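Working notes for the structure below.
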Number of protein chains: 2
Amino acid sequence: MLNGRTPSVKDVAAAAGVSLGTVSNVMNRPEVVSARTRERVERAMSELGFVRNESARQLRAGTSRTLAYVMLDGTNPFFHDVAQGIELAAEDADLSLFICNSNSRSAREEVHLDRLLQQRVQGILITPVDPSSAHLDELTRRGVPMVIVDRVRGADSCCSVSVDDVLGGRIAVEHLAEQGHTRVAVVGGPDSLGQVGERLQGAREIWQSLGRDPEDLIYLPTEAMTVAEGRSAGERLAGLPARRRPTAAFCLNDLLALGLLQQGIGAGLRVPDDLAIVGFDDIEFAAAAAVPLTSVRQPRQELGRAAAQLVLDEASNPDHRHEQLQFTPELVARASTVSRARGR
Amino acid sequence: MLNGRTPSVKDVAAAAGVSLGTVSNVMNRPEVVSARTRERVERAMSELGFVRNESARQLRAGTSRTLAYVMLDGTNPFFHDVAQGIELAAEDADLSLFICNSNSRSAREEVHLDRLLQQRVQGILITPVDPSSAHLDELTRRGVPMVIVDRVRGADSCCSVSVDDVLGGRIAVEHLAEQGHTRVAVVGGPDSLGQVGERLQGAREIWQSLGRDPEDLIYLPTEAMTVAEGRSAGERLAGLPARRRPTAAFCLNDLLALGLLQQGIGAGLRVPDDLAIVGFDDIEFAAAAAVPLTSVRQPRQELGRAAAQLVLDEASNPDHRHEQLQFTPELVARASTVSRARGR
DNA sequence: GAGTAAAGTTGAAATGTTTCAGTGAACGTA
DNA sequence: TACGTTCACTGAAACATTTCAACTTTACTC
């Protein structure tokens, strides 16, 4: 009778000698069906190997059981930690999480968003290539619950969860200044990235308010925030004339910092004595670097978890108000800036 | 007329003055509809902001447009590289990739698989917690296309894609022997992991065939394959009496190697002179470590890509035969085993 | 033992697509 | 003019579920 087909509720109903509706009740409102019938239905299900068809469920019920996260860069562990936070929240809400990766390409991002719309996901979390791009407006217009992660977006057009990047820049450079450095490099880019601008701004603000010469805070732009670019920045740094060469570097993320660290050590520098390094994000590998990296910690999982909660609220709460959540970053001092003699 | 509802094909048809079937044809067989009509329908679609409902499509068409990868450990970049390879293949086949993470918990893995069955995904790629667990058999029995990634499974019950781990162990230890080391530690565990057993076996085989004393190949078991466990292994290593202390370590993955490296350097060892280190996997961060890590490279992306191709074949080719693809690992020698003086 | 309330079960309608047999129109050919 | 062929389009059925008003059974009360 089933001839190969995967069994449907109808088959289960027939096998258990009840109606369709009862089978459905067993799955969705078990409390309304008598224990005896329920047991009979459940046995039939497992005997037939019944597996509910989610498409049909979703079509009829009109609601999907998935959240999606479109991450910016799959090679940066930071985003996986954020994803992990989202996943935990999704697990609590009994939802599945769909993870996509735009790899910093706007076109790919758009393809993913389009698919997600077609799937009618409950909500979309995204770290966008460009927070002001048109396809994000599109989502808002459609009323799809959306939260921007680790970026902000003009106006109150949607929720966002981020970290105070200006403050992050301030505490990084303040820390270096406290360690006695008088010439500091800031490494990162491209400055079209909002965060680059803000972290740099924070760095400049504190530098100025400490009464230092702006000339002594040297911005070293990079083309991306990768390990390779960090290495290349290190080479440029080494190429500077000794009297202009900084004794410390604030890297705008940990990948850059790891690259810089590697290049520096390879070139025979002692870290932190010849060159102190501060990173940003505090990814797992920061602490695990050969010279453990001082870094400005973002609460990565927390970021994801909070974002998921916002999107769920937007999805279920009719008088949801958009919120721009901002976390406070925090300096984690390790050996890359604090030499053993001084630090302990 | 639409009162807030998201528009359906029916609405588009009405707006364009054609029938349902024609709208469907515009989407699925544009060549059978005249240019004039097609254009009219397309305009109606974009005016209404129509987005195809994937659940309905899938329900009727009986086929989903997604592949899924259940990864073992989201904190290990290795798996993200594999996922990236899968993603590329999926992109080529115009499919979406659903990424789940079991975090090495069998229960979580089962939940994910169950969900994926409900979604009727086209195929499942998985790096299982335990390749012989019952819920994998379940999948095979159901006829869901499945490929085991980076593991193997008894018999020809399904496709798998892996790397020759025994060979990997051999070349790692052979390399250390060539560098003149006579006492070598093998770090990794738990040995319930198939790979641990095989890599260790390879190490022992080559050690024996080089005529070395088995006593001089010291197995240092760990509880997991993480950075933290690598550090703790380093402490145990340091605690050994000098005459039994190895001058080289073969770590069964890069995370362990990075932990060991960090601990060693922190304790004042020179790498590779006091302690040479070989890792396994060759993740991105291996090359970026302060002492770039020698590692046994697995073709990570290629692994993922090949797995995706197998699963697609199983899904679409009626006379598909299960294949156990095995890649050959390859040693990438870097500074952690080759001191500058000798190596260049 | 009749009446009533509560509990349990039913079956048809609805969800948004795709598919496919069929209807017409337009055109060429004998 | 009649016939056949091609082309463009139509509309009902099917997919697997959920929902809900209506119905039946059971249990309780007086």
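Nothing here was measured: the structure is a model prediction, and the numbers come from that model. Within every chain, numbering begins at 1; the chains are lettered A, B, ... in the order of the sequence lines, protein sequences first and strands thereafter.
- Following rounding to the nearest Å, D11(A) (CG) and dC15(D) (P) show an atom-to-atom distance of 11 Å.
- Between the side chain of R120(A) and the main chain of L117(A), a donor-acceptor pair closer than 3.5 Å is present.
- Rounded to an integer number of Å, the gap from CD of E54(B) to C1' of dC15(D) is 14 Å.
- Closest heavy-atom contact between E109(A) and V129(A): OE1-N, 2.9 Å.
- Residue R29(A) is in sugar-phosphate contact alone, with no base atom involved, counting any heavy-atom pair closer than 4.0 Å across all strands shown.
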Shorter than 3.5 Å, N or O on both sides, protein versus nucleotides 22-27 of chain C: list them out with atom names.
none

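- dA8(D) atom P lies 10 Å from atom CZ of R38(B), rounded to whole Å.
- In summary, the side chains of Q195(B) and D150(B) do present a donor paired with an acceptor at a separation below 3.5 Å, with no hydrogens or angles considered.
- Side-chain contact, R38(A) with S34(A): no donor N or O sits under 3.5 Å from an acceptor N or O.
- The backbone N or O of S64(A) lies less than 3.5 Å from a partner atom in the side chain of Q122(A), making a donor-acceptor pair.
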(request) Check step by step if salt bridge (charged side-chain N to carboxylate O under 4.0 Å, His left out) holds for E91(B) and R108(A). (result) CA-CA 10 Å; E91(B) 196 174 330; R108(A) 196 70 199 136; 3.3 Å; yes
(request) Apply the test side-chain hydrogen bond (donor to acceptor under 3.5 Å, both in side chains) to residues D313(A) and H320(A): give CA-CA distance (whole Å), side-chain angles for both, the deciding distance (0.1 Å), then the verdict. (result) CA-CA 7 Å; D313(A) 184 67; H320(A) 165 88; 2.6 Å; yes
Polar atoms only, N or O, under 3.5 Å: list the protein pairs with nucleotides 11-17 of chain C and their distances.
from    : atom 1 : to     : atom 2 : distance (Å)
dA14(C) : N3     : R60(A) : NH1    : 2.9
dT17(C) : OP1    : N53(B) : N      : 3.3
dT17(C) : OP2    : V9(B)  : N      : 2.7

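- The local environment of CD in E39(B) is sparse, with at most 12 non-hydrogen atoms from other residues, nucleotides or ligands closer than 6.0 Å.
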